Amino acid sequence: MPFKQLVFSGVQPTGNLHLGNYLGAITKFVALQDNYDCIYCVVDMHAITVWQEPAELTHTTREVTAAFLACGIDPKKHIIFNQSQVAEHTELTWVFNCVARLGWLNRMTQFKEKAGKDRENVSVGLFAYPNLMAADILVYRATHVPVGEDQKQHLELSRDIAQKFNNDFAKSISERGFGDAFFPLPEPIIQGPATRVMSLRDGSKKMSKSDPSDYSRINLTDDADNIAQKIRKARTDPEPLPSEEKGLETRPEAENLVGIYAALEGTTRAAVLGQFGGGQFSTFKNALVDLAVARLGPIGAEMKKLMQDPGHIDAILADGSARARVIAAQTMTAVKDIVGFVRS
Ligand code: AQP
């Protein structure tokens, strides 16, 4: 059965949104609005898989919403909401907890990285996180999911869950007139020169909200001075920039900065090297500062303005949640029938 094309993605309100979130995900969210119906979610239930101060969680939920708006997502044409306001996400997660296999979740590298050596002490939610992510996407039967490279494995798991549900319940799905598949297998959209933005302090680690060093990332709310300082201090090597992409292969920090420049400028790494190759890092860094300030400055300023009116942000989330709930409720009604739950 052909599925209606629909985009879904989410961002966790776990701290300062950074350039990685922006280039890896939010710029894609904005671009997809022209050609698809889109649902963008502030995934607050994912956030509490690790401890969040309640007041801080409320603040960051509004801040991520402000970032969506400031970057240009239209909340009237599309849907912006926070996950905890649509209970069907957790309802479907339980069904998926019973579809997904323990061995599948045991292979998730993000869990291994986040749990580290303290496995016995992390929350059960952190382990089951990918099942909630599958439910987020599939409760809308979304077909396309723009994400950064780090979410690729979770998305593959979402496809495995959708496929297993379709197989396990094939007879029931067909008897209820849904053809041979109830859930689509969602396609990841992972494209462009900055699908994995790395830390400014260490080219082998991804840029992350939870890195203790603020110098490792550029936050969307950083002012021009901050952005300039962080880029100028960004780790590099003593060599000048190469003229060919091949010359970046063993130089992760240089590769990262070139990728960031290309993504901010909307061009390719090859074109950036064509312009700056052979030159000193300092010249390139100055140009990168100007570009980053020009792109991020207006977004940070708009976010700050929006954050002065939390009532407005909450109203957008309430409206989006009400519209999301309608779609999610239809899916859950069908899922309950397919699974064999009695409902009144
Ligand atoms: N460094 C990155 N480069 C490219 N894309 C990235 N994303 C995150 N970091 C990078 C993408 O941003 C979207 C939202 O991410 P998230 O908030 O849901 O969670 P995350 O991937 O766990 O992000 P962080 O910053 O690393 O958070 P913490 O430190 O809390 O774990 C996703 O599409 C993600 O791929």
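In this text, all values refer to a predicted model and were calculated from it rather than measured experimentally. Values below: every heavy atom of this structure, side chains too, minus hydrogens, waters and symmetry copies. In each ligand, atom 1 is the first atom listed, and ligand 1 is the first ligand listed.
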Q. Can we call the ring centroids of Tyr261 and Phe276 under 6.0 Å apart?
A.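 Ring-ring flag for Tyr261/Phe276: true, centres closer than 6.0 Å.
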**Q.** Electrostatic pair Asp314-Arg62, nearest N-O below 4.0 angstrom
**A.** yes
Side chains of residues 183-195: which donor-acceptor pairs under 3.5 Å do they make with residues two or more places apart or in other chains?
none

Q: Linking directly or through intermediates, with side-chain heavy atoms under 4.5 Å: list the remaining ILVMFWY members grouped with Met45, chain and number order.
A: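 The other cluster members (ILVMFWY side chains, heavy atoms under 4.5 Å, direct or chained) are Leu132.
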(Q) Under 6.0 Å from the ring centre and within 45 degrees of the ring axis: does the NZ or CZ of Arg141 meet both conditions for the six-membered ring of Phe3? (A) no
Q: Check ring-ring contact (aromatic ring centres under 6.0 Å, His included) between His78 and all other residues, then give those that pass, not counting sequence neighbours.
A: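 Scan of His78 (ring-ring contact (aromatic ring centres under 6.0 Å, His included), adjacent residues dropped) gives none.
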Q) So which protein residues pack against ligand 1 under 4.0 Å, heavy atoms counted? A)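 Those residues closer than 4.0 Å to ligand 1 by some heavy atom are Gly10, Val11, Gln12, Thr14, His18, Gly20, Asn21, Gly24, Ala25, Lys114, Val147, Gly148, Asp150, Gln151, Thr195, Arg196, Val197, Lys206, Met207, Ser208, Lys209, Ser210.
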